[in-house]
Chemist: 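My questions will all concern the structure given below.
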Amino acid sequence: MATPPAPSALDARTQIFPTLSPAQINRIRPLGRVRHVDRGEILFDLGQTNIPFFVVLSGSLEVVQPNIEGERPITIHTARSFTGELTMISGHRIFVRGRVLEPGEVLELSSDALRSLIAKDAELSEIFMRAFILRRLELISRGYGNLILLGSRHSAQTLRLREFLTRNGHPYTYVDLDTDKASQELLDRFNVALDEIPVTICGTGTVLRNPTIQKLADCLGFNANVDETQLRDLIIVGAGPSGLAAAVYAASEGLDALLIETESPGGQAASSSKIENYLGFPTGLSGQELASRAITQAEKFGAKMMVARNVLRLECGRRPYKVVLDDGAQLEARSIVIATGAQYNKPKIPNLARFEGQGVYYGATFMESQLCGDDDIIVVGGGNSAGQAAVYMSQTLRRVHMLVRSGQLSDTMSRYLIQRIEQNPAIEIHYRTEIVALEGDAHLERVTWRNNQTGETSTHPIRHVFIMAGASPRTEWLKGCLALDDKGFILTGRDLDGASDKPAWPLARVPQMLETSLPGVFAVGDVRSGNVKRVASAVGEGAIAIHLVHRTLTEL
Ligand SMILES: Cc1cc2nc3c(=O)[nH]c(=O)nc-3n(C[C@H](O)[C@H](O)[C@H](O)COP(=O)(O)OP(=O)(O)OC[C@H]3O[C@@H](n4cnc5c(N)ncnc54)[C@H](O)[C@@H]3O)c2cc1C
């Protein structure tokens, strides 16, 4: 298939900052109001949420980014161009200021009016969405966010925060304290001690020392636009592929849906560097790309999302159901989709927790690959995700050791991966082998593994281990509410027939496909008993569940 030519710089500029035709502006007019603006007037400012959208009719408007050193210029909008980037869709706090440069007239639309325009007008929707996405990418690539992160590659929390920001598509400036001498001055200015690293500076000056992702999300206002008191049609717990699909279909079909995610959207798929078997992407796409497209799509249709909020409990005694969050908030919904997926089991290796993020990782993306330089690495596991990680990392490294506990690669590993692994001279597979010791000071420095067949152990100067072996369902928060199988996965539909320890089913009808032992509560994706552990099936189940949710809402 022919690859389309890369857009010229001029084409790219036209797509990021397009001008609208008079006919297009006339289609927008009925939804907004025309008003006169004077020089120096601020139309939107740092930290505001749900700001209006402006089309410049005459005069001009400059967009700048205020930071601790003043203002950096971003762009100037002249007649027929429009303001906004992805925060117009997400309703999150904005990180720029819009100020009138030359007096004139603007056409102003509320954020709700813009959303309904996007839903109704396909041509304008495409122009706006493309511009918003490209503007966000431009901000990310320039590091123009409302956040400075000062961190070190020796700090696990730095990696965690960077992953969190990247997965949420949030632009930020990263200062590497290992190489940037001038940054000490900045730390001194805010009286920050070395053991308080990483440090973040939000907006125009709030300093957080070694913050959790929850604190950082609050400081950036990621969840500020979510009304926690509202009774919703649907709450989706977990924003992996299945939860994101449920959010897209729910919102596009008019349900009032809230998606709650304990970390960042993307789930397990976001830790994959390249998904090659997802329909419609013959050259593959990264889990991160898939997730960020899905978030924009869900928010475009009006879904709301909370990140860095863990659901601790389901109050399942009566409808509407309640989900209880880690900060004590209780949110109500008429129906629930559980999409909490699975997570890697942590093998019982002494010191494992000590080296997490400092030599031990559970994802293999560009970010982790940067930390490895050209060091040799170990990938633990014989399934699809381990295979994918080994192939991806072998592109930049001399040697990838794959440690597989059994005598063969998993039966479920895709054929194309097995061939790539077997034909790759950089990947060495060690069957019937497991890690028995990890050693180092601040960072992992040596790994000892044992061949369980021969009993032979050997120690290797390896500083990076990727663990991708066996996953367990994330159902600990559902205790007592739902029927689970013997491994803890959620039973649904006809599979409930044989379940011994299940709550009494209160309705005359039988549970629908994907419906759990509680009416109106559905389970989709990897967390569901019998699910095929693939992105496509997770997405499919998320979509189907919404069709079934509609039916149960009519029962109330
Ligand atoms: C490295 C790797 C590579 C892979 N490659 C492929 C591939 O190439 N092709 C393929 O088809 N499949 C692949 N898979 C499998 C695929 O990613 C999964 O099948 C898919 O992600 C499952 O989606 P899910 O939404 O059901 O669950 P998950 O992706 O596990 O997402 C669940 C989400 O729920 C959140 N969550 C959990 N508990 C809570 C809670 N209490 N409160 C709030 N949120 C919570 C989690 O943080 C997570 O974001 C890969 C998996 C991995 C790990």
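Quantities reported herein were computed from a predicted structural model and do not represent experimental measurements. Every number for a ligand or one of its atoms is a count from 1 in the order of the listing. For this chain, numbers begin at 1 and follow the sequence in order.
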Chemist: Within ligand 1, which atoms have a heavy atom of G238 less than 4.0 Å away?
Modeler: 33 (C), 34 (O), 35 (C), 44 (N)

Chemist: If we count only N and O atoms by modelled type, under 3.5 Å, do the side chains of H443 and H154 hold a donor and an acceptor together?
Modeler: no

Chemist: If the cut-off is 4.0 Å to any non-hydrogen atom of A342, which atoms of ligand 1 fall inside it?
Modeler: 30 (O)

Chemist: I'd like to check which ligand 1 atoms, numbered from 1 as shown, lie under 4.0 Å from a non-hydrogen atom of S271.
Modeler: 1 (C), 53 (C)

Chemist: Under 4.0 Å from a heavy atom of D526: which atoms of ligand 1 are those, numbered in the order shown and with their elements?
Modeler: 18 (C), 19 (O), 22 (C), 26 (O)

Chemist: Check whether any N or O atom of Y344, backbone or side chain, sits under 3.5 Å from an N or O atom of ligand 1, and answer yes or no.
Modeler: no

Chemist: Can you list everything that forms a ring pair (Phe, Tyr, Trp, His ring centres under 6.0 Å) with F466? Sequence neighbours excluded, please.
Modeler: Y361

Chemist: How far is atom 27 (O) of ligand 1 from its nearest protein heavy atom, and which residue and atom is that?
Modeler: G341 CA, 3.3 Å

Chemist: Just by distance, do the side chain of Q419 and the backbone of Y416 share a donor-acceptor pair under 3.5 Å?
Modeler: no

Chemist: Just which atoms of ligand 1 are under 4.0 Å from any heavy atom in I260?
Modeler: 43 (C), 44 (N)

Chemist: Classify the side-chain pair R93/T49 by whether it contains a donor and acceptor separated by less than 3.5 Å.
Modeler: no

Chemist: So is A536 polar-close to ligand 1, meaning N/O to N/O under 3.5 Å?
Modeler: no

Chemist: Taking distance alone, with N or O pairs closer than 3.5 Å, would you say T262 contacts ligand 1?
Modeler: yes

Chemist: What's the shortest distance from atom 15 (C) of ligand 1 to any protein heavy atom, and which residue and atom give it?
Modeler: K533 O, 4.1 Å

Chemist: Taking atom 50 (C) of ligand 1 as the point of reference, which of S385, A339, S537 owns the nearest heavy atom?
Modeler: S385

Chemist: Geometry only, no angles: is Y416 polar-contacting ligand 1 at N/O separations under 3.5 Å?
Modeler: no

Chemist: Distance alone, cut at 3.5 Å: any donor-acceptor contact between the side chains of H92 and N223?
Modeler: no

Chemist: Can you measure from CD (Q512) to OG1 (T552) and round to the nearest 0.5 angstrom?
Modeler: 6.5 Å

Chemist: Would R528 pass as a cation-pi partner of F489, given that its NZ or CZ must be under 6.0 Å from the six-membered ring centre and within 45 degrees of the axis?
Modeler: no

Chemist: Verify whether one side chain among R162 and Y172 offers a donor that lies under 3.5 Å from an acceptor in the other.
Modeler: yes

Chemist: Any idea which of G267, G240, P241 brings a heavy atom closest to atom 21 (O) of ligand 1?
Modeler: P241

Chemist: Are S242 and E541 linked by a side-chain donor-acceptor pair shorter than 3.5 Å?
Modeler: no

Chemist: Quiz question: by atom type and distance under 3.5 Å, do the side chains of Q230 and D256 form a donor-acceptor pair?
Modeler: yes

Chemist: Tell me which protein heavy atom sits closest to atom 40 (C) of ligand 1, plus the residue, atom name and distance to 0.1 Å.
Modeler: N310 OD1, 3.3 Å

Chemist: Considering only heavy atoms, which of N384, V237, V535 lies nearest to atom 16 (C) of ligand 1?
Modeler: V535

Chemist: Please compare N277, T340, I275 and report which has the shortest non-hydrogen distance to atom 39 (C) of ligand 1.
Modeler: T340

Chemist: Donor-acceptor check, side chain of E515 to backbone of T492, threshold 3.5 angstrom: yes or no?
Modeler: no

Chemist: In terms of side-chain heavy atoms, does S385 have a donor or acceptor partner in Y344 at a distance below 3.5 Å?
Modeler: yes

Chemist: Specify side chain, backbone, both or neither for Q268, according to which of its non-hydrogen atoms lie closer than 4.0 Å to ligand 1.
Modeler: both

Chemist: So if I count the atoms of ligand 1 from 1 in the order they appear, which ones are less than 4.0 Å from some heavy atom of A269?
Modeler: 17 (O), 21 (O)

Chemist: Within the 4.0 Å heavy-atom shell around Q388, which atoms of ligand 1 are there?
Modeler: 3 (C), 4 (C), 5 (N), 6 (C), 7 (C), 8 (O)

Chemist: With the threshold set strictly below 4.0 angstrom, can you tell me whether any protein non-hydrogen atom sits that near atom 42 (N) of ligand 1?
Modeler: yes

Chemist: Taking R474's backbone N and O only, do any of them form a donor-acceptor pair with T340's side chain (distance below 3.5 Å, no angle check)?
Modeler: yes

Chemist: Output the list of atoms in ligand 1 that are nearer than 4.0 Å to some heavy atom of R474, sorted by atom number.
Modeler: 37 (C), 38 (N), 46 (C), 47 (O)

Chemist: Give me the residue, atom name and distance of the protein heavy atom closest to atom 25 (O) of ligand 1.
Modeler: S242 OG, 2.7 Å

Chemist: Measuring from atom 49 (O) of ligand 1, which candidate in R534, E276, E261, E476 has the nearest non-hydrogen atom?
Modeler: E261

Chemist: Can you tell me which residue pairs pass the disulfide (SG to SG under 2.5 Å) test with a partner in residues 214-304, sequence neighbours excluded?
Modeler: C202-C219

